[in-house]
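Worksheet for the structure shown next.
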Amino acid sequence: MVYVWTGLVKAIGIKYYACPGIEIPPDTPFQYLEPPDDQAHMRPDEYDELISDPTGYLYNVWLPRVTTEVRARGETTAYRNNLSFVRGSMAMLSYFHAFGDQIARLRQESGTPSALSGILKAPFDIIADKLRGYRGLCMDMFRQPQKVLAACEALTPHLLHIAASGADPQRNLPVGLWMHRGCVPFLSPDQFAKFYWPTLRQIIEGLWARGIQTLFYAEGEWNANLKYIAELPEGSIVYHIDRGDPFEVHRALVGKFCISGGVPNDLLAFGRPDDVKEYVKKLIETIGRDGGYIVDASAIMQDDTRVENVRAMTEAARLYGEY
Amino acid sequence: MPNTEPSDQPVESRQPIAPGVCLPWEIVSREWPKIEGDAELVRRVWEDLDSMAYTYIWQCLLSF
(Lines give C-alpha, C1' and ligand atoms only; values in the text may rest on other atoms or scores of the structure.)
Protein backbone atom coordinates (compact mmCIF):
# COMPACT_ATOMS: atom_id res chain seq x y z
CA MET A 1 0.00 0.00 0.00
CA VAL A 2 1.28 3.49 -0.80
CA TYR A 3 -1.23 5.49 1.18
CA VAL A 4 -2.23 3.89 4.48
CA TRP A 5 1.36 2.65 4.37
CA THR A 6 1.75 -0.92 5.66
CA GLY A 7 5.08 -0.02 7.29
CA LEU A 8 3.39 2.24 9.81
CA VAL A 9 0.30 0.07 10.13
CA LYS A 10 2.44 -2.86 11.23
CA ALA A 11 4.91 -0.77 13.27
CA ILE A 12 2.20 -0.11 15.83
CA GLY A 13 -0.11 -3.01 15.00
CA ILE A 14 -3.15 -1.11 13.68
CA LYS A 15 -5.98 -3.65 13.77
CA TYR A 16 -8.49 -2.10 11.41
CA TYR A 17 -6.67 -2.77 8.14
CA ALA A 18 -6.21 -5.93 6.16
CA CYS A 19 -2.95 -5.39 4.28
CA PRO A 20 -2.25 -6.72 0.79
CA GLY A 21 0.25 -9.57 0.87
CA ILE A 22 -0.25 -10.17 4.59
CA GLU A 23 -3.89 -10.66 5.56
CA ILE A 24 -5.23 -10.59 1.99
CA PRO A 25 -3.82 -11.48 -1.46
CA PRO A 26 -1.05 -9.17 -2.68
CA ASP A 27 -3.00 -7.96 -5.72
CA THR A 28 -6.02 -6.90 -3.61
CA PRO A 29 -6.49 -3.31 -2.42
CA PHE A 30 -6.24 -2.83 1.33
CA GLN A 31 -9.47 -3.38 3.24
CA TYR A 32 -10.86 -1.48 6.19
CA LEU A 33 -12.24 -3.75 8.92
CA GLU A 34 -15.04 -2.05 10.81
CA PRO A 35 -15.41 -3.74 14.20
CA PRO A 36 -18.69 -5.20 15.52
CA ASP A 37 -20.94 -2.63 17.24
CA ASP A 38 -20.07 -3.83 20.75
CA GLN A 39 -16.35 -3.52 20.02
CA ALA A 40 -16.44 -0.04 18.49
CA HIS A 41 -13.20 1.90 18.90
CA MET A 42 -15.15 4.46 20.93
CA ARG A 43 -17.89 3.37 23.33
CA PRO A 44 -21.25 5.21 23.36
CA ASP A 45 -20.63 6.60 26.87
CA GLU A 46 -17.25 8.14 25.98
CA TYR A 47 -18.43 11.27 24.16
CA ASP A 48 -17.70 13.57 27.11
CA GLU A 49 -14.11 12.41 27.32
CA LEU A 50 -13.61 12.90 23.57
CA ILE A 51 -15.26 16.32 23.64
CA SER A 52 -13.30 17.65 26.60
CA ASP A 53 -9.86 16.67 25.25
CA PRO A 54 -9.84 15.05 21.79
CA THR A 55 -6.05 14.66 21.64
CA GLY A 56 -5.88 13.10 25.09
CA TYR A 57 -8.70 10.75 24.20
CA LEU A 58 -6.91 9.61 21.06
CA TYR A 59 -3.69 8.86 22.91
CA ASN A 60 -5.20 7.39 26.06
CA VAL A 61 -8.21 5.49 24.81
CA TRP A 62 -8.33 5.22 21.03
CA LEU A 63 -4.73 4.30 20.19
CA PRO A 64 -4.48 1.40 22.66
CA ARG A 65 -7.81 0.10 21.43
CA VAL A 66 -6.95 0.14 17.72
CA THR A 67 -3.44 -1.29 17.98
CA THR A 68 -1.86 -4.49 19.18
CA GLU A 69 1.24 -2.81 20.60
CA VAL A 70 0.09 0.20 22.63
CA ARG A 71 -1.06 -0.50 26.18
CA ALA A 72 -4.09 1.22 27.71
CA ARG A 73 -4.17 3.35 30.86
CA GLY A 74 -3.67 1.18 33.91
CA GLU A 75 -2.15 -1.70 31.99
CA THR A 76 1.43 -2.68 32.50
CA THR A 77 3.65 -1.05 29.92
CA ALA A 78 6.54 -3.00 28.58
CA TYR A 79 9.12 -3.28 25.84
CA ARG A 80 6.70 -3.55 22.91
CA ASN A 81 4.57 -0.63 24.09
CA ASN A 82 7.60 1.63 24.37
CA LEU A 83 9.03 0.45 21.09
CA SER A 84 5.79 1.12 19.27
CA PHE A 85 6.03 4.88 19.79
CA VAL A 86 9.59 5.00 18.49
CA ARG A 87 8.82 2.72 15.56
CA GLY A 88 5.56 4.50 14.78
CA SER A 89 6.97 8.00 14.82
CA MET A 90 10.03 6.97 12.79
CA ALA A 91 7.72 5.24 10.30
CA MET A 92 5.66 8.39 9.97
CA LEU A 93 8.77 10.50 9.38
CA SER A 94 9.96 8.04 6.72
CA TYR A 95 6.56 8.07 5.06
CA PHE A 96 6.23 11.82 4.80
CA HIS A 97 9.89 12.38 3.90
CA ALA A 98 9.50 9.97 0.97
CA PHE A 99 6.89 12.20 -0.63
CA GLY A 100 9.39 14.76 -1.91
CA ASP A 101 11.43 12.24 -3.91
CA GLN A 102 8.38 10.47 -5.24
CA ILE A 103 6.73 13.71 -6.32
CA ALA A 104 9.92 14.66 -8.16
CA ARG A 105 10.03 11.24 -9.87
CA LEU A 106 6.41 11.54 -10.98
CA ARG A 107 7.12 14.91 -12.51
CA GLN A 108 10.39 13.85 -14.17
CA GLU A 109 9.39 10.40 -15.41
CA SER A 110 5.80 10.96 -16.47
CA GLY A 111 5.25 14.71 -16.44
CA THR A 112 2.59 14.30 -13.78
CA PRO A 113 2.34 17.16 -11.29
CA SER A 114 1.09 16.82 -7.73
CA ALA A 115 -2.66 17.01 -7.28
CA LEU A 116 -2.95 17.86 -3.58
CA SER A 117 -1.14 18.49 -0.33
CA GLY A 118 -2.43 17.77 3.16
CA ILE A 119 -5.45 15.89 4.42
CA LEU A 120 -8.91 16.68 5.69
CA LYS A 121 -11.88 14.61 6.69
CA ALA A 122 -15.27 15.74 7.92
CA PRO A 123 -15.74 15.56 11.70
CA PHE A 124 -18.76 13.31 11.18
CA ASP A 125 -16.72 10.95 9.00
CA ILE A 126 -13.99 10.70 11.61
CA ILE A 127 -16.56 9.64 14.20
CA ALA A 128 -18.17 7.19 11.77
CA ASP A 129 -14.97 5.75 10.30
CA LYS A 130 -12.59 5.56 13.22
CA LEU A 131 -14.50 6.05 16.47
CA ARG A 132 -18.11 4.93 16.82
CA GLY A 133 -18.48 3.08 13.52
CA TYR A 134 -21.25 3.91 11.06
CA ARG A 135 -23.89 1.77 12.76
CA GLY A 136 -23.02 3.06 16.22
CA LEU A 137 -23.11 6.64 15.04
CA CYS A 138 -26.50 6.09 13.41
CA MET A 139 -27.85 4.97 16.78
CA ASP A 140 -26.23 7.95 18.49
CA MET A 141 -27.91 10.41 16.11
CA PHE A 142 -31.21 9.30 17.64
CA ARG A 143 -30.20 8.42 21.21
CA GLN A 144 -27.74 11.24 21.99
CA PRO A 145 -27.81 13.76 19.12
CA GLN A 146 -26.46 16.64 21.19
CA LYS A 147 -23.37 14.61 22.07
CA VAL A 148 -22.79 13.85 18.38
CA LEU A 149 -23.07 17.53 17.51
CA ALA A 150 -20.76 18.52 20.36
CA ALA A 151 -18.22 15.91 19.28
CA CYS A 152 -18.28 17.22 15.70
CA GLU A 153 -17.69 20.72 17.07
CA ALA A 154 -14.87 19.54 19.35
CA LEU A 155 -13.06 17.87 16.45
CA THR A 156 -13.47 20.82 14.09
CA PRO A 157 -10.57 23.06 15.22
CA HIS A 158 -8.20 20.09 15.28
CA LEU A 159 -9.12 18.93 11.80
CA LEU A 160 -8.75 22.48 10.52
CA HIS A 161 -5.35 22.75 12.19
CA ILE A 162 -4.05 19.47 10.70
CA ALA A 163 -5.39 20.35 7.24
CA ALA A 164 -3.79 23.79 7.33
CA SER A 165 -0.48 22.49 8.66
CA GLY A 166 -0.16 20.02 5.76
CA ALA A 167 -1.24 22.46 3.07
CA ASP A 168 1.00 23.60 0.22
CA PRO A 169 2.96 26.62 1.51
CA GLN A 170 2.78 28.12 -1.99
CA ARG A 171 -1.01 27.66 -2.06
CA ASN A 172 -0.85 26.06 -5.50
CA LEU A 173 -2.36 22.73 -4.45
CA PRO A 174 -5.61 21.99 -2.66
CA VAL A 175 -5.95 20.01 0.55
CA GLY A 176 -7.49 16.58 -0.08
CA LEU A 177 -10.88 16.07 1.54
CA TRP A 178 -12.00 12.44 1.45
CA MET A 179 -15.75 12.20 1.87
CA HIS A 180 -17.33 9.03 3.15
CA ARG A 181 -20.55 8.74 5.15
CA GLY A 182 -22.35 11.94 4.20
CA CYS A 183 -23.53 10.83 0.79
CA VAL A 184 -26.67 9.06 -0.37
CA PRO A 185 -27.80 6.64 1.01
CA PHE A 186 -25.83 6.84 4.28
CA LEU A 187 -27.55 10.01 5.57
CA SER A 188 -30.93 11.56 4.95
CA PRO A 189 -30.98 15.18 3.73
CA ASP A 190 -32.06 16.36 7.20
CA GLN A 191 -29.28 14.42 8.90
CA PHE A 192 -26.76 15.79 6.42
CA ALA A 193 -27.90 19.34 7.11
CA LYS A 194 -27.89 18.88 10.87
CA PHE A 195 -24.92 16.63 11.63
CA TYR A 196 -22.58 16.51 8.66
CA TRP A 197 -22.50 19.82 6.92
CA PRO A 198 -22.19 22.67 9.48
CA THR A 199 -18.78 21.73 10.89
CA LEU A 200 -17.36 20.61 7.55
CA ARG A 201 -18.45 23.88 5.99
CA GLN A 202 -16.79 25.73 8.86
CA ILE A 203 -13.48 23.97 8.15
CA ILE A 204 -13.60 24.53 4.38
CA GLU A 205 -14.35 28.22 4.93
CA GLY A 206 -11.61 28.38 7.56
CA LEU A 207 -9.11 26.97 5.10
CA TRP A 208 -10.28 29.34 2.36
CA ALA A 209 -9.81 32.27 4.72
CA ARG A 210 -6.16 31.16 4.90
CA GLY A 211 -5.96 30.99 1.10
CA ILE A 212 -6.18 27.20 1.02
CA GLN A 213 -8.41 25.48 -1.51
CA THR A 214 -10.03 22.11 -0.78
CA LEU A 215 -10.21 19.17 -3.17
CA PHE A 216 -13.76 18.10 -2.36
CA TYR A 217 -13.42 14.41 -3.22
CA ALA A 218 -17.09 13.48 -3.22
CA GLU A 219 -16.80 9.71 -2.97
CA GLY A 220 -20.15 8.10 -3.76
CA GLU A 221 -23.31 9.90 -4.86
CA TRP A 222 -23.45 13.49 -3.58
CA ASN A 223 -25.81 15.20 -6.01
CA ALA A 224 -28.59 15.35 -3.41
CA ASN A 225 -26.38 17.73 -1.43
CA LEU A 226 -25.25 20.01 -4.25
CA LYS A 227 -27.45 22.88 -3.04
CA TYR A 228 -25.39 23.05 0.17
CA ILE A 229 -22.07 22.70 -1.60
CA ALA A 230 -23.01 25.52 -3.97
CA GLU A 231 -23.18 27.85 -0.96
CA LEU A 232 -19.43 27.61 -0.37
CA PRO A 233 -17.32 30.63 -1.36
CA GLU A 234 -16.54 30.84 -5.05
CA GLY A 235 -13.29 29.05 -5.87
CA SER A 236 -12.91 27.58 -2.40
CA ILE A 237 -13.12 23.98 -3.62
CA VAL A 238 -12.35 21.77 -6.57
CA TYR A 239 -15.38 19.50 -6.78
CA HIS A 240 -14.41 15.93 -7.65
CA ILE A 241 -17.17 13.73 -9.11
CA ASP A 242 -17.34 10.06 -8.26
CA ARG A 243 -20.75 8.47 -8.86
CA GLY A 244 -22.86 11.61 -9.21
CA ASP A 245 -24.20 12.58 -12.62
CA PRO A 246 -21.45 14.87 -14.00
CA PHE A 247 -23.86 16.91 -16.07
CA GLU A 248 -26.10 17.63 -13.09
CA VAL A 249 -23.01 18.63 -11.10
CA HIS A 250 -22.01 20.98 -13.87
CA ARG A 251 -25.44 22.63 -13.99
CA ALA A 252 -25.39 23.17 -10.21
CA LEU A 253 -21.82 24.37 -9.83
CA VAL A 254 -20.88 25.88 -13.20
CA GLY A 255 -18.84 29.03 -12.97
CA LYS A 256 -18.38 28.70 -9.24
CA PHE A 257 -15.95 25.83 -8.77
CA CYS A 258 -13.52 23.86 -10.87
CA ILE A 259 -14.80 20.31 -11.45
CA SER A 260 -12.68 17.16 -11.71
CA GLY A 261 -13.21 13.42 -12.15
CA GLY A 262 -16.29 11.80 -13.59
CA VAL A 263 -14.59 9.16 -15.78
CA PRO A 264 -16.14 5.94 -14.41
CA ASN A 265 -13.71 3.43 -12.92
CA ASP A 266 -15.67 0.51 -14.37
CA LEU A 267 -15.20 2.03 -17.82
CA LEU A 268 -11.45 2.28 -17.19
CA ALA A 269 -11.35 -1.31 -15.93
CA PHE A 270 -13.68 -3.10 -18.33
CA GLY A 271 -14.34 -0.75 -21.26
CA ARG A 272 -12.48 -0.40 -24.54
CA PRO A 273 -10.07 2.45 -25.30
CA ASP A 274 -12.44 3.87 -27.92
CA ASP A 275 -15.26 3.96 -25.35
CA VAL A 276 -13.00 5.81 -22.92
CA LYS A 277 -12.00 8.36 -25.55
CA GLU A 278 -15.61 8.93 -26.52
CA TYR A 279 -16.70 9.44 -22.91
CA VAL A 280 -13.84 11.83 -22.15
CA LYS A 281 -14.68 13.79 -25.31
CA LYS A 282 -18.29 14.08 -24.15
CA LEU A 283 -17.22 15.32 -20.71
CA ILE A 284 -14.87 17.91 -22.18
CA GLU A 285 -17.48 19.15 -24.65
CA THR A 286 -20.14 19.53 -21.95
CA ILE A 287 -18.90 20.12 -18.42
CA GLY A 288 -15.53 21.31 -19.73
CA ARG A 289 -16.76 23.52 -22.55
CA ASP A 290 -16.11 26.74 -20.64
CA GLY A 291 -12.93 25.51 -18.95
CA GLY A 292 -12.64 24.64 -15.28
CA TYR A 293 -12.63 20.88 -15.75
CA ILE A 294 -9.83 18.45 -14.83
CA VAL A 295 -10.07 15.05 -16.55
CA ASP A 296 -9.66 12.30 -13.98
CA ALA A 297 -11.03 8.94 -12.94
CA SER A 298 -14.05 9.04 -10.65
CA ALA A 299 -12.28 7.24 -7.81
CA ILE A 300 -8.76 6.08 -7.10
CA MET A 301 -7.70 3.71 -9.85
CA GLN A 302 -7.03 0.18 -8.64
CA ASP A 303 -5.12 -2.74 -10.14
CA ASP A 304 -8.04 -3.66 -12.38
CA THR A 305 -7.60 -0.46 -14.41
CA ARG A 306 -6.36 -1.26 -17.91
CA VAL A 307 -3.22 0.61 -18.91
CA GLU A 308 -4.50 1.10 -22.47
CA ASN A 309 -7.60 2.81 -21.07
CA VAL A 310 -5.56 5.22 -18.95
CA ARG A 311 -3.55 5.96 -22.06
CA ALA A 312 -6.79 6.55 -23.98
CA MET A 313 -8.06 8.92 -21.26
CA THR A 314 -4.80 10.89 -21.39
CA GLU A 315 -4.77 11.05 -25.19
CA ALA A 316 -8.39 12.19 -25.29
CA ALA A 317 -7.66 14.94 -22.77
CA ARG A 318 -4.78 16.16 -24.96
CA LEU A 319 -6.79 15.87 -28.15
CA TYR A 320 -10.02 17.52 -27.06
CA GLY A 321 -8.91 19.52 -24.03
CA GLU A 322 -7.57 22.58 -25.81
CA TYR A 323 -9.47 25.82 -25.90
CA MET B 1 0.55 16.34 44.92
CA PRO B 2 2.18 15.22 41.66
CA ASN B 3 1.60 17.12 38.46
CA THR B 4 -0.54 15.24 36.00
CA GLU B 5 -1.07 15.58 32.33
CA PRO B 6 -4.28 17.35 31.34
CA SER B 7 -5.70 14.25 29.79
CA ASP B 8 -5.22 12.24 32.99
CA GLN B 9 -7.41 14.61 34.97
CA PRO B 10 -11.14 14.04 35.45
CA VAL B 11 -13.16 15.23 32.50
CA GLU B 12 -14.91 18.00 34.38
CA SER B 13 -11.68 19.61 35.62
CA ARG B 14 -9.85 19.81 32.31
CA GLN B 15 -9.17 22.99 30.43
CA PRO B 16 -9.58 22.91 26.65
CA ILE B 17 -6.25 22.32 24.97
CA ALA B 18 -5.54 24.25 21.80
CA PRO B 19 -5.03 22.50 18.46
CA GLY B 20 -1.36 21.67 17.90
CA VAL B 21 -0.71 21.00 21.59
CA CYS B 22 -0.49 17.77 23.59
CA LEU B 23 1.22 18.84 26.80
CA PRO B 24 1.06 22.64 27.18
CA TRP B 25 4.25 24.51 28.01
CA GLU B 26 2.43 26.32 30.83
CA ILE B 27 1.97 23.00 32.60
CA VAL B 28 5.29 21.33 31.94
CA SER B 29 7.33 24.44 32.73
CA ARG B 30 5.89 24.46 36.26
CA GLU B 31 7.55 21.09 36.82
CA TRP B 32 10.98 22.43 35.89
CA PRO B 33 13.47 24.49 37.89
CA LYS B 34 13.49 28.21 37.11
CA ILE B 35 15.05 28.66 33.68
CA GLU B 36 18.16 30.81 33.95
CA GLY B 37 18.90 30.86 30.24
CA ASP B 38 16.78 31.83 27.27
CA ALA B 39 13.32 30.77 28.44
CA GLU B 40 11.73 31.77 25.15
CA LEU B 41 14.08 29.48 23.22
CA VAL B 42 13.32 26.59 25.57
CA ARG B 43 9.59 27.21 25.22
CA ARG B 44 9.78 27.35 21.44
CA VAL B 45 11.73 24.08 21.17
CA TRP B 46 9.32 22.38 23.58
CA GLU B 47 6.31 23.53 21.62
CA ASP B 48 7.83 22.57 18.26
CA LEU B 49 8.45 19.02 19.44
CA ASP B 50 5.14 18.80 21.25
CA SER B 51 3.41 19.75 18.01
CA MET B 52 5.04 16.73 16.37
CA ALA B 53 3.50 14.46 19.00
CA TYR B 54 0.19 16.14 18.16
CA THR B 55 0.71 15.60 14.45
CA TYR B 56 1.56 11.95 15.08
CA ILE B 57 -1.72 11.01 16.74
CA TRP B 58 -3.92 13.10 14.44
CA GLN B 59 -2.19 11.76 11.33
CA CYS B 60 -2.64 8.22 12.71
CA LEU B 61 -6.34 9.04 12.92
CA LEU B 62 -6.66 10.76 9.55
CA SER B 63 -4.12 9.15 7.24
CA PHE B 64 -3.69 5.62 8.55
Side-chain angles (χ1 to χ4, degrees), chain A residues 1 3-9 11-12 14 16-17 30 41 46-63 66-67 70 73 85 88-93 95-96 118-121 125-126 129-131 154-166 176 178, chain B:
Chain A
M1 296 192 290
Y3 59 94
V4 190
W5 181 43
T6 306
L8 191 144
V9 169
I12 61 176
I14 290 177
Y16 50 68
Y17 286 121
F30 76 89
H41 302 317
E46 291 175 347
Y47 273 99
D48 285 342
E49 188 169 3
L50 172 72
I51 292 162
S52 81
D53 180 8
T55 307
Y57 181 86
L58 293 176
Y59 264 117
N60 285 326
V61 181
W62 179 78
L63 192 62
V66 301
T67 61
V70 180
R73 280 179 301 202
F85 287 99
S89 52
M90 292 296 116
M92 191 173 286
L93 276 177
Y95 177 72
F96 285 121
I119 187 163
L120 170 62
K121 286 180 184 167
D125 275 337
I126 285 295
D129 288 353
K130 297 288 182 71
L131 297 171
L155 292 171
T156 294
H158 295 279
L159 298 175
L160 172 60
H161 180 90
I162 286 292
S165 64
W178 311 100
Chain B
M1 182 177 171
N3 287 300
T4 56
E5 298 178 19
S7 54
D8 284 340
Q9 296 168 0
V11 169
E12 60 273 14
S13 67
R14 290 183 203 155
Q15 296 296 311
I17 298 175
V21 179
C22 291
L23 187 51
W25 169 247
E26 293 71 25
I27 289 175
V28 76
S29 61
R30 287 202 297 265
E31 302 171 5
W32 292 9
K34 180 175 173 19
I35 297 172
E36 301 293 343
D38 186 340
E40 178 57 22
L41 174 65
V42 178
R43 181 193 64 77
R44 195 167 67 244
V45 171
W46 173 271
E47 290 183 345
D48 283 349
L49 295 173
D50 189 66
S51 75
M52 293 184 192
Y54 176 92
T55 299
Y56 176 74
I57 193 66
W58 284 91
Q59 284 290 350
C60 281
L61 181 76
L62 279 156
S63 295
F64 294 94

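Keep in mind that what you see is a predicted model, and the values were worked out from it rather than measured. Chain identifiers are assigned alphabetically (A, B, ...) following the order of the sequence lines, protein sequences preceding nucleic acid strands; residue numbering begins at 1 within each chain.
- Highest contact tally toward chain B, considering only G88(A), P157(A), G166(A), is held by G88(A) [criterion: heavy-atom pairs under 4.5 Å].
- Using a 4.5 Å cut-off between heavy atoms, I12(A) touches chain B through its side chain atoms alone.
- Closest approach of H161(A) to G20(B), counting heavy atoms only: NE2-CA, 3.5 Å.
- Using a 4.5 Å cut-off between heavy atoms, W178(A) does not touch chain B at all.
- Within residues 53-64 of chain B, the residues approaching chain A closer than 4.5 Å by heavy atoms are, in numerical order, A53(B), Y54(B), T55(B), Y56(B), I57(B), W58(B), Q59(B), C60(B), L61(B), L62(B), S63(B), F64(B).
- Of all the listed residues (L8(A), I14(A), L93(A)), the one sharing the greatest number of non-hydrogen pairs under 4.5 Å with chain B is L8(A).
- For L58(A), the parts lying under 4.5 angstrom from a heavy atom of chain B are both the backbone and the side chain.
- Looking at K121(A), both its backbone and its side chain come within 4.5 Å of chain B, counting heavy atoms on both sides.
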